[in-house]
Trainee: 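Got a structure here, written out as structure tokens. Questions coming.
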Amino acid sequence: MKLNALDLNLLLVFDAIYRTQGVTLASEELGLTQSSVSNALGRLRDYFQDPLFVRIQGAMQPTPFAQNLAEPVKTALGHLRQAIEEQRQFNPATSQRMFSICTSEVGQRVFLPKLLAHLHQVAPTVSLSIVDTPTDRIDASLTSGEIDLAVGFFGDFGPNFYIQRLFREHYVVMIRENHSKIKDTLTLDTYLNSSHISYLPSSASHDSLDQLLDREFSNLGVKRQVGLRVAHSMGLSSIVSQTDLMVTIPSRLAETFKPGEGVRLLPLPIDIGMIDIRQHWHTRFHQDSANQWLRAQFQYLFQQ
């Protein structure tokens with residue numbers, strides 16, 4: 001017997017006859033005519049080379065072969081129905097789904113505390129995997145489903161992707177509390193002639209900020225002095241608190257540092273505009289109920 005020679009729709013007929021013990025009741029349950037169900041039963045008998053059901057005292061009783069086949073068919077159909085139903089309607093209260101989200105280290109510090117507290121209330125068995133995917137691989141990972149969402153400061157991935165803006169972000173300057181040259185305000189001249197930390201996390205487009213800053217400095221006839229380049233925010237406040245280096249970072253990242261860490265925040269003395277923090281997903285998953293739910297959580301928690 002070759003499975004590809006079997007019309008799998010016939011298994012629905014088999015299961016219905018087995019449970020109802022009758023062609024008439026099975027046809028009513030399936031919404032088919034009695035002749036259609038009888039024809040399907042005939043095709044099943046031909047395929048399996050077994051009577052499958054024998055009428056005894058007005059009921060269709062299974063043969064030993066059908067008896068052994070009934071449970072695997074029931075289980076397979078049950079798994080299929082469950083999979084289809086889960087795709088149609090995601091239930092966060094009971095789901096054990098693990099979502100994979102691409103975001104930068106900044107996103108992890110900004111989004112995760114609030115998001116996890118929220119999921120604990122509405123989706124206690126849902127889990128998250130936060131990945132730091134290189135920017136040139138994010139589009140492929142979204143397309144394949146390897147990651148469900150990319151959330152942060154990213155460029156456009158192309159026409160097959162959806163984008164939703166969550167909020168607009170601006171930059172601030174972090175310096176040490178007792179900076180040797182800066183008191184209450186940060187002047188443009190001091191900012192231009194100080195030594196800077198270049199913060200470039202991998203899973204984001206913050207390199208465009210560096211390019212923008214370099215261009216602004218160049219327009220003002222000054223070469224930006226970079227004394228340190230870092231890829232992680234861990235230890236950033238400690239470095240700043242013990243040196244005269246300053247760093248230009250997103251305001252929400254800056255707010256995650258504790259006031260007692262020996263640093264303070266000042267407005268950026270040049271206008272480089274604001275950036276959009278957005279969530280991105282592939283069109284393949286636009287109608288997926290689980291993906292829709294996840295996007296809705298980010299929108300509910302963070303959209304302004």
Side-chain angles (χ1 to χ4, degrees), residues 3-4 8-9 11 75-167 169 200-208 231-232 252 275-303:
L3 188 59
N4 61 4
L8 297 182
N9 288 315
L11 296 181
T75 301
L77 292 175
H79 285 320
L80 183 58
R81 289 189 183 101
Q82 182 180 1
I84 293 173
E85 189 58 34
E86 285 180 354
Q87 288 301 312
R88 287 178 175 173
Q89 189 58 50
F90 176 74
N91 185 354
T94 59
S95 175
Q96 297 183 0
R97 168 79 177 264
M98 174 181 284
F99 290 101
S100 182
I101 301 170
C102 173
T103 190
S104 66
E105 189 194 18
V106 177
Q108 183 169 302
R109 294 187 64 151
V110 171
F111 295 125
L112 275 192
K114 190 173 182 179
L115 179 61
L116 287 174
H118 174 68
L119 294 185
H120 180 71
Q121 299 296 322
V122 301
T125 54
V126 163
S127 58
L128 301 178
S129 174
I130 306 302
V131 297
D132 193 14
T133 307
T135 52
D136 60 353
R137 288 183 48 215
I138 294 175
D139 55 350
S141 296
L142 285 169
T143 302
S144 67
E146 180 183 347
I147 57 178
D148 297 290
L149 281 182
V151 186
F153 177 34
F154 301 107
D156 292 344
F157 297 123
N160 293 322
F161 295 86
Y162 284 89
I163 299 173
Q164 182 181 46
R165 188 174 77 184
L166 297 174
F167 56 85
E169 175 65 290
L200 296 171
S202 59
S203 245
S205 299
H206 290 280
D207 55 342
S208 62
H232 304 284
R252 283 173 175 77
I275 60 171
D276 289 336
I277 303 301
R278 309 180 295 186
Q279 57 178 342
H280 305 249
W281 64 97
H282 194 270
T283 185
R284 283 183 62 203
F285 304 98
H286 185 61
Q287 299 297 335
D288 178 73
S289 62
N291 195 284
Q292 288 178 335
W293 176 84
L294 180 63
R295 299 184 324 244
Q297 306 317 298
F298 273 93
Q299 182 180 9
Y300 169 73
L301 293 171
F302 303 109
Q303 190 173 58

Trainee: D136: what forms a side-chain contact (heavy atoms from CB on, under 4.5 Å) with it, not counting sequence neighbours?
Mentor: P134
Trainee: Measure from NZ or CZ of R252 to the centre of the six-membered ring of F302, then state whether that distance is under 6.0 Å and the direction lies within 45° of the axis.
Mentor: no
Trainee: Side chain of Q303, backbone of R165: donor and acceptor closer than 3.5 Å?
Mentor: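 Yes: the side chain of Q303 pairs with the backbone of R165.
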Trainee: Can you find a pair of side-chain heavy atoms, one from V126 and one from F90, that are under 4.5 Å apart?
Mentor: yes
Trainee: Quick one: side chains of residues 142-159, donor-acceptor pairs under 3.5 Å with protein atoms, not counting sequence neighbours, listed by atom name and distance.
Mentor:
| unit_1 | atom_1 | unit_2 | atom_2 | d |
| --- | --- | --- | --- | --- |
| T143 | OG1 | D139 | O | 2.8 |
| S144 | OG | A140 | O | 3.3 |
| S144 | OG | S141 | O | 3.2 |
| S144 | OG | E146 | N | 3.2 |
| E146 | OE1 | S141 | OG | 3.4 |
| D148 | OD1 | R97 | NH2 | 2.9 |
| D148 | OD2 | S100 | N | 2.7 |
| D156 | OD1 | R278 | NH2 | 3.0 |

Trainee: Can you name the residues that form a ring pair (Phe, Tyr, Trp, His ring centres under 6.0 Å) with Y162, not counting sequence neighbours?
Mentor: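 Y162 satisfies ring pair (Phe, Tyr, Trp, His ring centres under 6.0 Å) with W281, H286 once adjacent residues are dropped.
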Trainee: What distance separates D288 CG from R295 CZ, expressed to the nearest 0.5 Å?
Mentor: 8.0 Å
Trainee: Listed by chain and number, what are the ring pair (Phe, Tyr, Trp, His ring centres under 6.0 Å) partners of F285, not counting sequence neighbours?
Mentor: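 None.
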Trainee: For the atom pair CG (L294) and CD (Q279), what is the distance rounded to the nearest 0.5 Å?
Mentor: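 Atom-to-atom, L294:CG and Q279:CD are 7.5 Å apart.
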Trainee: Check residues 115-123 and write down every donor-acceptor pair under 3.5 Å in which the side-chain atom is one partner and the other belongs to a residue at least two apart or another chain.
Mentor:
| unit_1 | atom_1 | unit_2 | atom_2 | d |
| --- | --- | --- | --- | --- |
| H118 | NE2 | Q297 | OE1 | 2.7 |

Trainee: Run the numbers on F161 and I138 for side-chain contact (heavy atoms from CB on, under 4.5 Å), then give the verdict.
Mentor: CA-CA 11 Å; F161 295 86; I138 294 175; over 6 Å; no
Trainee: Among residues at least two apart in sequence or on other chains, which ones pass side chain to side chain donor-acceptor pair (under 3.5 Å) with T94?
Mentor: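 Partners of T94 under the side chain to side chain donor-acceptor pair (under 3.5 Å) test: N91.
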Trainee: CG/L128 to CD1/I101 distance, rounded to the nearest 0.5 angstrom?
Mentor: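 Interatomic distance, L128 CG to I101 CD1, rounded to 0.5 Å: 5.0 Å.
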